[in-house]
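First the proteins, then the strands, lettered A, B, ... as listed; each starts at 1. Because the structure is a prediction, the values reported are computed rather than measured.
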Amino acid sequence: MRVLFMGTPDFALFTLKALVEAGYEVVGAVTQPDKPKGRGYELQPPPVKVYATEHQIPVYQPATLKNGAFDEELAALAPDVIVVVAYGKILPLSVLNYPRYGCINVHGSLLPQYRGAAPMQRAIMEGCTETGITTMLMNEGLDTGDMLQTVRVAIEENDNFEQIHDKLGAAGAALLLETLSALADGTVAPVAQDDTKATYAAKIEKRDCLIDFAKDAHTVHNTVRGLSPVPLGFTHTPDGKLLKVIETRLAKSGAALAAPGTVLSLDGAVEVACGTGSVLLTRVLPEGKGRMSAADYIRGRRIAVGDVLK
RNA sequence: CGCGGGGUAGAGCAGCUUGGUAGCUCGUCGGGCUCAUAACCCGGAGGUCAUGUGGUUCAAAUCCCAUCCCCGCAA
């Protein structure tokens, strides 16, 4: 089966790798164009490009697929199926309709919940205890295609985005291989999504990252872990400096008798009062510094009991 | 040449503006106290202050110049 892969970030790599290692004929990798990133605006190739190049897979980085812009290449590659994982562009009908087996998307949620750009982060931030992977037959909508197969993955109390990302990445790669062979065997029946149950996982914006200590401790904890290790939830110390929070734990102690954001204790971790309960900041990233444990942060004497984070 | 912070003992930091004895909180080693301890007390080891054997100076962690490395923002 000739497979054309479309994907961009690390998350897509799990699946591309699985396809290659399973012996599929990956005829090409379509990924986003290199973009200037980081300090000095250096051009950075997306992870999928790096991997594909290393494995002698032809790389395509069209600015757009619309208006037949990719039709010529598509005809030359003649894929039987297109596998799409976190590609980042809309596929026009001319592409969607081309492959015999269609365009299969690996999505990081149990559809129809968390359609959209940031399903893993949103699921964690909203305190879900379970998420998963759905493979589906893509259509013109945003993650609205008919579902093929799903796999469930538990979200533990302290799982952060990275851990869920890796778990779902591995689960997604495995599921896709199953879906592909099921498709080839004709043993899978597409199931339409129940649109009335659909929810959207919007892209993570800056405003989503500001920690609101007025919320209850669980919400604060969920926000932090859903955004860790990138882009990271943040707050500000009394001197106005940025303080990003890498990791929190729910404090065992009960209700906090202090205004939200108040530092309650500094015994190995920074305990901060929330609207209800309190959380322990266990790893942080001060402005202009690197990531460090809360114990180190405290040793530097950059914070005192009674300080208010906001 | 996008903007900015930083490189001082094993860790996290102060000192730099107003050059002149290497400081703080921990860790570590030894001793003491204690039924006991991650608690407390006493003592010690450990640093070419990123690099240049650079410039200024009687004197540079501190001022000037160059280079390397780390980080945040923005995209």
Side-chain angles (χ1 to χ4, degrees), chain A residues 7-13 30-50 59 61-65 86-90 116-118 120-122 125 160-162 165 201-213 220 223-253 261-272 278-310:
Chain A
T8 301
D10 285 320
F11 187 72
L13 233 43
V30 181
T31 191
Q32 294 275 5
D34 294 6
K35 282 179 184 164
K37 288 186 188 298
R39 283 169 226 109
Y41 290 112
E42 281 181 45
L43 228 50
Q44 301 287 340
V48 163
K49 179 183 183 179
V50 175
V59 173
Q61 298 178 283
T64 179
L65 301 176
Y87 172 45
K89 281 193 191 301
I90 302 293
M120 298 182 267
Q121 293 95 321
R122 295 294 178 187
M125 291 168 79
N160 65 17
F161 171 52
E162 180 175 45
H165 171 276
K203 194 173 121 187
I204 302 296
E205 305 283 350
K206 181 89 173 174
R207 64 172 174 278
D208 297 316
C209 302
L210 176 61
I211 297 169
D212 183 0
F213 287 108
V220 171
T223 301
V224 168
R225 66 202 180 100
L227 299 172
S228 182
V230 280
L232 248 31
F234 67 91
T235 183
H236 300 277
T237 49
D239 58 6
K241 292 266 178 63
L242 190 67
L243 180 68
K244 292 194 166 190
V245 182
I246 300 166
E247 181 185 87
T248 53
R249 287 285 115 101
L250 292 167
K252 299 171 201 75
S253 56
T262 304
V263 175
L264 299 173
S265 71
L266 293 171
D267 185 19
V270 181
E271 183 180 9
V272 183
S278 62
V279 293
L280 300 170
L281 314 188
T282 51
R283 285 198 297 156
V284 298
L285 188 155
E287 179 177 333
K289 290 292 181 177
R291 295 170 184 239
M292 63 180 74
S293 69
D296 282 346
Y297 180 69
I298 293 162
R299 252 175 237 122
R301 300 189 150 195
R302 292 194 244 202
I303 195 159
V305 171
D307 283 353
V308 177
L309 304 176
K310 61 183 176 183

Is the CG atom of D267(A) crowded by more than 12 outside heavy atoms at less than 6.0 Å? no
Has L210(A) got more than 12 heavy atoms of other residues, nucleotides or ligands less than 6.0 Å from its CG? yes
Checking N1-N3 plus N6-O4 or O6-N4 for Watson-Crick, or N1-O2 and O6-N3 for wobble, each under 3.5 Å, the partner of C49(B) is none
Counterpart base for G27(B), defined by Watson-Crick or G-U wobble contacts under 3.5 Å: none
Contacts under 3.5 Å, N or O only, protein and nucleotides 37-39 of chain B:
none

Between G46(B) and C29(B), how far apart are the P atoms? Round to whole Å, please. 16 Å
Report yes if some heavy atom in the side chain of L309(A) is under 4.5 Å from a heavy atom in the side chain of D307(A); otherwise report no. no
Under a 4.5 Å cut-off applied to non-hydrogen side-chain atoms, are V270(A) and L280(A) in contact? no
Which base sits across from U56(B) as a Watson-Crick or G-U pair, both distances under 3.5 Å? none
Rounded P spacing from G27(B) to A11(B) in Å: 15 Å
Rounded to whole Å, how long is the line connecting atom CD of E205(A) with atom C1' of A75(B)? 14 Å
Between I204(A) and F161(A), is any pair of side-chain heavy atoms under 4.5 Å apart? no
Report which part of the nucleic acid K37(A) touches: base, sugar-phosphate, or nothing (heavy-atom distance under 4.0 Å, all strands). base
For nucleotides G30(B) and C68(B), find the distance between their P atoms and express it as a whole number of Å. 45 Å
Starting from the 5' end of RNA chain B, give me the residue, R301(A) or Y297(A), whose nearest nucleotide shows up first. Y297(A)
C1' gap between U25(B) and A14(B), integer Å: 11 Å
For a 4.5 angstrom cut-off between non-hydrogen side-chain atoms, does N160(A) reach I246(A)? no
Both distances under 3.5 Å, Watson-Crick or G-U wobble: report the partner of U37(B), or none. none
What integer number of Å spans the C1' atoms of C33(B) and U21(B)? 34 Å
Does some side-chain heavy atom of L243(A) sit less than 4.5 Å from a side-chain heavy atom of Y297(A)? yes
With sequence neighbours left out, write down each residue that passes side chain to side chain donor-acceptor pair (under 3.5 Å) with E247(A), or none if nothing qualifies. T282(A)
Across every strand shown, the nucleotide meeting Watson-Crick or G-U wobble geometry with C68(B) (both distances under 3.5 Å) is G7(B)
Sticking with atom P, work out how far U48(B) lies from A22(B), rounded to a whole angstrom. 13 Å
Can you tell me how far P of U28(B) sits from CZ of R299(A), to the nearest Å? 10 Å
Restricting both atoms to N or O, compile the protein contacts to nucleotides 69-73 of chain B shorter than 3.5 Å, with distance only.
residue, atom, partner, partner atom, Å
C71(B), O2', K289(A), O, 2.5
C71(B), N4, R39(A), NE, 3.2
G72(B), OP2, R39(A), NH2, 3.4
G72(B), N7, R39(A), NE, 3.2
G72(B), N7, R39(A), NH2, 3.4
G72(B), O6, R39(A), NE, 3.2
C73(B), OP1, K244(A), NZ, 2.0

Short side-chain donor-acceptor distance under 3.5 Å, S278(A) and E271(A): yes
Using whole Å, what does the distance between atom C1' of nucleotide G4(B) and atom OH of Y41(A) come to? 13 Å
L43(A) CG to G2(B) C1', in whole Å, measures 15 Å
Would a 4.5 Å heavy-atom cut-off, applied to side chains only, mark L13(A) and V48(A) as touching? yes
If the P atom of G10(B) is compared with that of A50(B), how far apart are they to the nearest Å? 13 Å
Say we look at U53(B) and G15(B): how far apart would their P atoms be, to the nearest angstrom? 30 Å
